[in-house]
Amino acid sequence: MSAVWNYFKVNEDDKTKADCKLCSAKLSRGGSKGSAFNTSNLIKHLKSQHDNEYKEFTQAPKPTQLTLQQTLARREKMSRDNPRAVKITQAIIEYIALSDQPLSEVENVGFLHLLHVLEPRYDVPSRRYMTDTELPKLHDSVKKHIHSLLQTSSAFSFTTDIWTSSVSPVSLISLTSQWIDESFTPQRAILHVKQLRGLHTSQAIVHVFEEMLQTWGIPKTSVHVVLRDNAKNMIKAMNDAGLPSLPCVAHTLQLAVHEGLLAQRSTADAIAVGRKIVGHFKHSALAYSRLEDIQGQLNQPIKRLQQDVQTCWNSTYYMLQSLIEQKRVLGVYVSEHELPVSPLTNGLLSVAILAPFEELTKKVSSYDALASDVIPAVTVLVRLLNRETDEDHGVKTMKATLLAAVKKRFSDVETNPLYFISTILDPRYKDRFFSNNTAPEAKLHLKQELQMMSRAEAEGSRAEAAEPPAKLFLKAQASTSSSLDTVFEEIAKEQPQAAQPLAAGAAIELDTYLGEAPSPREDSPLKYWGVNKIRFPTLAKMAHKYLSAPCSSVESERLFSSVSHIIDENRNRLTADNAEKLLFLKKKPATHFF
């Protein structure tokens, strides 16, 4: 565009005219058709009427006229090794990996049109090229970056899970890792997703698991703990492999709830009735529209009833909770229309009892939950269930049954070093959440670990401090006014048990550390150790290892919860090898790519 248009604009009413921005004069553009338009009249007007602006116009640099060869070159397709083409191709495979797109996206008509508009010269590679060349290249690049991150620690915690596709004959096993770097910053990565062929026996799991560790060059001595589910084949596999492991706390809580409450006849009947009510509205658009009309008439927010998933107890809790919220609405509905069953009444007493379990499940499933959270969580839950309140009428038996199930499922947490050492090393808890008969033993065990570590360091040995316990980490959840939080604060403020005399040396650190008040629950235990590693150097080394462990396997479960976006009915021919690569790349932060 000519620089003269800096001083003119096209007339809005008559496109054959141009208005001078300086004096508002209306000038002809040289003709009545677009092909005849020119700027001669505009330049003449600028020269005769606006001398200063004309000099400015004539001194402005003139655009270079492209040669015919240059013009044709701009229309030619870029070669595949053209720097800009390489950059676009790389961006496409990163887009596919990060946003769950199929590899066939490069054949999508809308996607091709978008690329043509953005860069007409770019020749979109074929699906085969993206699959065979670009995907492995990106996988290797990110893998190399993760390898460099793994060099920042010598102790790692892992989660694992097994998933089987419903649309393709593929079973996959995951390996995610969590560790703490030299600056006490938590690191996480999906290391591997590998096909698990044949029967899921413990021997098959051991074989695949050891292959995954060898791929990443991680010796078994660097494995602090593996978080897995409660399946017998998985438990046996970890034992046979000689790897310390812990059950997923969220899964164990679910088993306790099922055993202690959901298996009871009265509760099971209430849940069955609830499912029938929700199913009635879910399968009838007319029924739902009537329900919404009643909600509007009662000035209540328009809400849909929640359907539960039988394998997730907390979804059943949410279903029953939604029915309680809509109790008045359902009462009006029944008076005007029919329901397949009568609305719930006293069967919903169990919902209030389950509230602490639901809150605890969310907390232990959070991104920053650690193994050190387990003992305090169980202690608080047991105290809540033991406590009698005015609201216990009609639910005392339910509470007692739940309490028995919790004690059964978590009977060994205070005697497992993977739990109790990490709890003591968590500055938010220390030794305040143990029962009277286990705290002294836990501290004595930790003292022995410290002495072993000090002795090993004095001898110049790099031996491990002890059997690796589980670790919890990061910031605690924000405080609320819930009953769980109230009991947490109550226990934290109780006087600690009298400390036994400790030997000199590294054990003095433990004595000093435990003598100080616990940190607020909102604080991050890793930030504490990052600041206090100079004061307590030996304890900090142990915390570096023990506070790396999560308390659940939700990282692997979340990975597989999104695998259906990668292996679905439209992509059921995706090979296991390519599915592994896409899953490996899926949860990586964007910084691992760019």
Would you mind checking if Arg428 and Glu522 are paired as a salt bridge, meaning a charged N to carboxylate O distance below 4.0 Å?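 No, this pair does not count.
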
Between Glu358 and Lys363 (salt bridge meaning N to carboxylate O under 4.0 Å), is one present in this structure?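 A salt bridge is absent here (no side-chain N lies under 4.0 Å from a carboxylate O).
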
With no hydrogens and no angle check, do the side chains of [X] and [Y] hold a donor and an acceptor under 3.5 Å apart?
| X | Y | answer |
| --- | --- | --- |
| Ser552 | Ser365 | no |
| Ser245 | Arg228 | yes |
| Thr538 | Glu509 | yes |
| Asp308 | Thr316 | yes |
| His200 | Asn233 | no |

Any donor and acceptor pair, going by atom type alone, linking the side chain of [X] with main-chain N or O of [Y] inside 3.5 Å?
| X | Y | result |
| --- | --- | --- |
| Ser553 | Thr159 | no |
| Ser222 | Ser154 | yes |
| Asp412 | Thr415 | no |
| Asn386 | Val382 | yes |
| Arg188 | Tyr367 | yes |
| Asp431 | Lys443 | no |
| Thr423 | Tyr419 | yes |

Are there over 12 heavy-atom neighbours, none belonging to His147, within less than 6.0 Å of that residue's NE2?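 Yes, because the 6.0 Å sphere around NE2 of His147 holds more than 12 heavy atoms from other groups.
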
In a check of side chain to side chain contact (heavy atoms under 4.5 Å, CB included) between Ser202 and each of Lys236, Met238, Met234, which one passes?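 Of Lys236, Met238, Met234, side chain to side chain contact (heavy atoms under 4.5 Å, CB included) with Ser202 is met by Lys236 alone.
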
What are the two closest non-hydrogen atoms of Ala517 and Arg432, and how far apart are they?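 Taking every non-hydrogen atom into account, CA-NH2, 4.3 Å.
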
Hey, are the side chains of Phe158 and Leu227 touching, using non-hydrogen atoms and a 4.5 Å cut-off?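 A side-chain contact under 4.5 Å is absent here.
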
Measuring centre to centre across the rings, with the benzene-like ring taken for any Trp, is Phe156 within less than 6.0 Å of Trp179?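 Ring centroids of Phe156 and Trp179 are less than 6.0 Å from each other.
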
Is the distance between the ring centroids of Trp529 and Tyr513 less than 6.0 Å?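 Yes, ring centres under 6.0 Å apart.
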
